[in-house]
Colleague: 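Here it is: the structure, laid out below.
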Amino acid sequence: MLKNKTIVVGITGGIAAYKAVEVVSRLKKLGANVHVIMTEAATKFVQPLTFRSLSHNPVIVDMFGEPQSWDVEHISLAEKADMFLVVPATANLIGKVANGIADDMLSTTIMATTAKVVFSPAMNVNMYQNSIVQKNILSLKEEGYRFIEPDKGYLACGTEGKGRLPAPEEVVTTSVAYLLSPLDLVGKKVLITAGGTQEDLDPVRYLGNRSSGKMGYALARVAKARGAEVTLISAPTQLNKPSGVKVINVRTAAEMYQQVFKYQEEQDIIVMAAAVADYTPEFTAKDKIKKSSKLTLELERTTDILAELGNNKGDQILVGFAAESNDLVVNAQKKLKKKSVDFIVANDISAQDTGFASDFNQVVIISKADHIEVAKATKLQVADRIFSEIVKILD
Ligand code: CTP
């Protein structure tokens, strides 16, 4: 996925530096060429040797140390990089970059790069909320620097609050979405649904489906990476909350319907990636159903959210999904018309190693005018391709 991409991981001196070990390992596994620059303080938490072993490249710490090659190191890395990811980013480093201070290898190289720079801050909650730190973050955002929002939770300093470095997997996925995507949805509101709804039979059982929510979450990450204000209405999944996205959790098709229509009006783009149940039990038993020799369930239709959105569609861009096992394009074209949407993203659920629960997908994006085949790629890449088509209509 990241073949031919050079990523410079900057590591500053915070306890969360131990999580950067897994970040570097994951980036390397995705195929990136990874270089690590550490601040002096970072080396107090983790040995450079750890990062050298994982990145397969020399780790740079000292500005005045013996160079590894003839070229000026901070300039050569600054030029080579497709992205800088600073993880963890301390208040000190953020403050330095925001104020044009370049006094060590990391701050100097960041100053000299034209690549995308992503900061993943981690610090004490009061420090994070300090107005000076917030001012620095805001001014860097205005200059085009990107941030991965810290999580709320238990902090190493013994307090609770916002300031935790998100899980390494989350840091990697969010930064890869930043790397892939241009910043072309600034000022746009995007609503995405994801996951498979659960329709209750009784207090312990439900009717569900095999959707993992991965495609919808990838869409939310990409929309956020492109600069949109993103609301994600999610049926139950096992996935991490995408950084900087407003997540509303629902269980049933009826709850999803209610939440979609609560937010629908203000949106510029709505993507229905959720696997919404087409049927729900006519009655939900109040008590647990006892076994007998046979059980017959009476089901009734749920409201088709997408079709109703299509009926109320103004200037909004509306995208639906179609999971098909045969006649993919013909069936998807029918849905395109019936539900009055701009695109149907159709995927063949019988294909091997794509679709449900997989990290990969292979789809056809069908509009009135066109159908575009997207070859097998990661769900993040497919999501990025879908938004490229959406942006074309916006333009
Ligand atoms: N969808 C919806 N509300 C429902 C059911 C589906 O909004 N109650 C949306 C899904 O989110 C998806 C699209 O409709 O974007 C297509 O769903 P799918 O189940 O594939 O198609 P159906 O129209 O239900 O047709 P069929 O099941 O007969 O293939």
Side-chain angles (χ1 to χ4, degrees), residues 190-200 206-220 223 231-237 248-265 267 269-282 299-313 316-351 354-357 361-368 371 374 379 382-383 385-387 389-390:
V190 178
L191 177 75
I192 289 160
T193 65
T197 61
Q198 300 179 348
E199 309 301 315
D200 290 334
Y206 60 81
L207 297 177
N209 62 67
R210 288 173 53 204
S211 167
S212 65
K214 284 182 179 174
M215 193 62 234
Y217 275 57
L219 284 157
T231 306
L232 174 65
I233 300 179
S234 175
T237 72
I248 295 159
N249 294 308
V250 297
R251 283 192 60 234
T252 63
E255 284 168 16
M256 185 165 277
Y257 174 88
Q258 211 182 9
Q259 291 300 323
V260 167
F261 278 90
K262 186 169 161 192
Y263 291 94
Q264 172 251 348
E265 230 170 67
Q267 304 301 320
I269 300 159
I270 301 181
V271 186
M272 284 291 304
V276 188
D278 288 323
Y279 298 93
T280 190
E282 252 187 324
L299 305 177
E300 62 183 12
R301 284 293 304 271
T302 56
T303 311
D304 190 323
I305 305 171
L306 185 60
E308 203 153 314
L309 286 169
N311 288 336
N312 294 294
K313 183 172 157 3
Q316 256 163 10
I317 295 177
L318 196 55
V319 180
F321 270 71
E324 306 289 351
S325 54
N326 59 305
D327 298 328
L328 187 79
V329 176
V330 177
N331 281 330
Q333 273 165 341
K334 281 186 200 156
K335 274 176 202 168
L336 181 81
K337 229 191 223 163
K338 200 170 92 189
K339 303 197 186 193
S340 317
V341 297
D342 295 282
F343 294 124
I344 285 284
V345 180
N347 64 330
D348 182 352
I349 52 168
S350 63
T354 58
F356 293 129
N361 210 349
Q362 181 176 353
V363 303
V364 187
I365 304 174
I366 295 162
S367 65
K368 261 188 222 144
H371 78 262
V374 182
K379 286 187 172 169
V382 171
R385 189 60 210 278
I386 293 168
F387 271 104
E389 292 307 315
I390 291 174

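Read the numbers this way: they start at 1 and go in the same order the structure lists the ligands and their atoms. Because the structure is predicted, anything quoted here is derived from the model rather than measured. By convention here, the first residue in the shown sequence is residue 1.
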Colleague: Look at the side chain of Thr252 and the backbone N and O of Gln198, then say whether any donor-acceptor pair between them is shorter than 3.5 Å.
Modeller: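 No; zero donor-acceptor contacts below 3.5 Å.
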Colleague: Please round to the nearest 0.5 Å and tell me the distance separating atom CG of Leu306 and atom CG of Asn311.
Modeller: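 Taking CG in Leu306 and CG in Asn311, the distance rounds to 10.0 Å.
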Colleague: Would you mind listing each N/O atom of ligand 1 next to any protein N/O under 3.5 Å, plus the distance?
Modeller:
residue, atom, partner, partner atom, Å
ligand 1, 3 (N), Ile305, N, 3.0
ligand 1, 7 (O), Ile305, N, 3.4
ligand 1, 7 (O), Leu306, N, 2.8
ligand 1, 8 (N), Thr302, OG1, 3.3
ligand 1, 8 (N), Thr303, O, 3.0
ligand 1, 11 (O), Met272, O, 3.4
ligand 1, 11 (O), Ala274, O, 2.7
ligand 1, 14 (O), Lys339, NZ, 2.9
ligand 1, 15 (O), Met272, O, 2.7
ligand 1, 15 (O), Phe321, N, 2.8
ligand 1, 15 (O), Phe321, O, 3.3
ligand 1, 20 (O), Lys335, NZ, 3.0
ligand 1, 21 (O), Lys335, NZ, 3.0
ligand 1, 23 (O), Lys339, NZ, 2.7
ligand 1, 24 (O), Asp278, OD1, 3.3
ligand 1, 24 (O), Asp278, OD2, 3.4
ligand 1, 27 (O), Asp278, OD2, 3.4
ligand 1, 29 (O), Lys335, NZ, 3.0

Colleague: Tell me every residue that passes side-chain contact (heavy atoms from CB on, under 4.5 Å) with Tyr257, counting only those two or more places apart in sequence or in another chain.
Modeller: Phe261, Thr303, Ile305, Glu308
Colleague: For Glu199 and Ala253, indicate whether the former's side chain and the latter's backbone hold a donor-acceptor pair under 3.5 Å.
Modeller: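 Side chain of Glu199 to backbone of Ala253, a donor-acceptor pair under 3.5 Å: yes, one is there.
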Colleague: Would you find a donor on one side and an acceptor on the other, under 3.5 Å apart, between the side chain of Thr237 and the backbone of Gly195?
Modeller: no
Colleague: Examine the side chains of Tyr217 and Ser234 and answer whether a donor and an acceptor come within less than 3.5 Å of each other.
Modeller: yes
